[in-house]
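First comes the structure, then the notes that go with it.
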Amino acid sequence: MLSVERLSVVYEGRGSSVRAVDEVSFTIEAGEVLALVGESGCGKTSVALALTKLLPMPPATITGRVLFEGKNLMEASPDALRAVRGGKIAYVFQEPATSLNPVLTIREQLVEVIELHTPARGREAQRVAVEWLQRVGIADARERLSAYPHEFSGGMQQRVMLAMAMATRPSLLIADEPTTALDVTIQVQILRLLRDLQRAYRLCVLLISHDLTVVERIAHRVGVMSAGKLVELGPVAQILHQPAHPYTKELIRYRSMMSLPRRNTSHD
Ligand SMILES: Nc1ncnc2c1ncn2[C@@H]1O[C@H](COP(=O)(O)OP(=O)(O)OP(=O)(O)O)[C@@H](O)[C@H]1O
Ligand SMILES: [Mg+2]
């Protein structure tokens with residue numbers, strides 16, 4: 001489905017250059033969830049954005065091949081890439097509030113995406129919009145279409161983002177820390193929704209996270225990045241139980257530390 005070959009991203013600054021992604025290669029098979037984990041600044045978001053050349057160039061330069069449905073996206077025309085982005089490849093980012101346009105209603109934004117990427121128009125596009133809002137768990141979807149983003153909570157905004165991503169029937173969903181900005185209880189709901197959508201539509205997902213619990217719940221395989229390189233890649237169980245790289249060991253140690261049962265105190 002997706003094959004990434006020796007992908008590199010370099011940011012050129014004044015007199016300095018950062019190799020944010022360094023010859024990263026991986027594949028995502030049909031219906032598979034691949035998680036990318038790694039410390040802050042290791043290049044996860046740069047990988048996600050580079051896949052459809054969604055980086056500002058300059059300062060970024062991208063090299064390598066990204067084969068998606070048989071075509072190398074790195075050689076695709078700007079028009080072809082625009083059609084792929086938000087169409088066959090959909091993104092969901094960390095901050096739903098910044099991904100939604102504050103001055104447009106949910107209807108305007110959702111219908112626009114549907115009309116741009118699917119054959120549905122007008123009333124039909126609106127019907128599809130309502131259907132997707134219902135599927136992601138928005139109550140009174142028809143009425144809520146007229147609302148503006150700020151009238152929704154963070155969790156609801158992320159549901160709208162998922163509806164928007166799914167309404168174009170993508171074959172690959174790229175989710176970059178989709179729950180990090182949300183309250184913990186909401187995180188669980190959004191992850192469950194993401195997992196249900198993935199299963200129901202046999203989506204390929206690239207899930208970026210630094211939370212191993214999240215990864216364990218939805219990913220099939222996990223890649224570990226460190227300083228721009230993919231240092232480990234394998235089935236979730238293998239990486240979590242026999243980590244090879246020091247960073248992976250550290251992540252796992254941190255997780256078990258956080259989930260230690262509390263010692264009994266007089267308050268318990
Ligand atoms: N537009 C840019 N210009 C210059 N350098 C950049 C740019 N975007 C990212 N970088 C640098 O590239 C490196 C990788 O950043 P990236 O955002 O891809 O990491 P990340 O793994 O997603 O981090 P986080 O977990 O904090 O989101 C970092 O050193 C960052 O400072
Ligand atoms: Mg990031």
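Below, each value reflects all heavy atoms present in this structure, side chains not excepted, and no hydrogens, waters or symmetry copies. Atoms within a ligand are numbered from 1 in the order they appear, just like the ligands themselves. By convention here, the first residue in the shown sequence is residue 1.
The protein heavy-atom contact nearest to atom 10 (N) of ligand 1 is Tyr11 CE1, 3.4 Å. Protein heavy atom nearest atom 27 (O) of ligand 1, with residue, atom name and distance: Thr45 OG1, 3.9 Å. Protein heavy atom closest to atom 16 (P) of ligand 1, with residue, atom name and distance, is Ser46 OG, 3.7 Å. Of all protein heavy atoms, the one closest to atom 23 (O) of ligand 1 is Gly41 N, 2.7 Å.
For Asp196 and Arg199, the salt-bridge test fails: no basic side-chain N is under 4.0 Å from an acidic carboxylate O. The pair Arg121-Glu124 does not count as a salt bridge, with every side-chain nitrogen at least 4.0 angstrom from each carboxylate oxygen.
Of all atoms in ligand 1, numbered sequentially from 1 with element shown, those under 4.0 Å from a heavy atom of Ala20 are 12 (O), 13 (C), 14 (C).
Between Arg159 and the options Met156, Met161, Gln157, a side-chain contact (heavy atoms from CB on, under 4.5 Å) holds for only Met156.
Contact annotation for atom 13 (C) of ligand 1: protein present (non-hydrogen atoms, distance under 4.0 Å). For atom 20 (P) of ligand 1, a protein non-hydrogen atom is found at a distance below 4.0 Å.
For ligand 1, the polar-atom distance check finds an N/O of Gly43 within less than 3.5 Å of one of the ligand's N/O atoms.
A donor atom on one side chain and an acceptor atom on the other are found under 3.5 Å apart for Thr105 and Glu108. Looking at Thr179 and Glu177, their side chains never bring a donor and an acceptor atom within 3.5 Å of each other. A donor-acceptor contact closer than 3.5 angstrom is absent between the side chains of Ser25 and Glu5.
By the neighbour-count criterion of 12 heavy atoms within 6.0 Å, atom CZ of Arg107 is densely surrounded, having more than that number from other residues, nucleotides or ligands.
The Mg ion (ligand 2) has an N, O or S atom of Thr45 inside 2.8 Å of it.
Look at Gly38 and you'll find every heavy atom at least 4.0 Å from all atoms of ligand 1.
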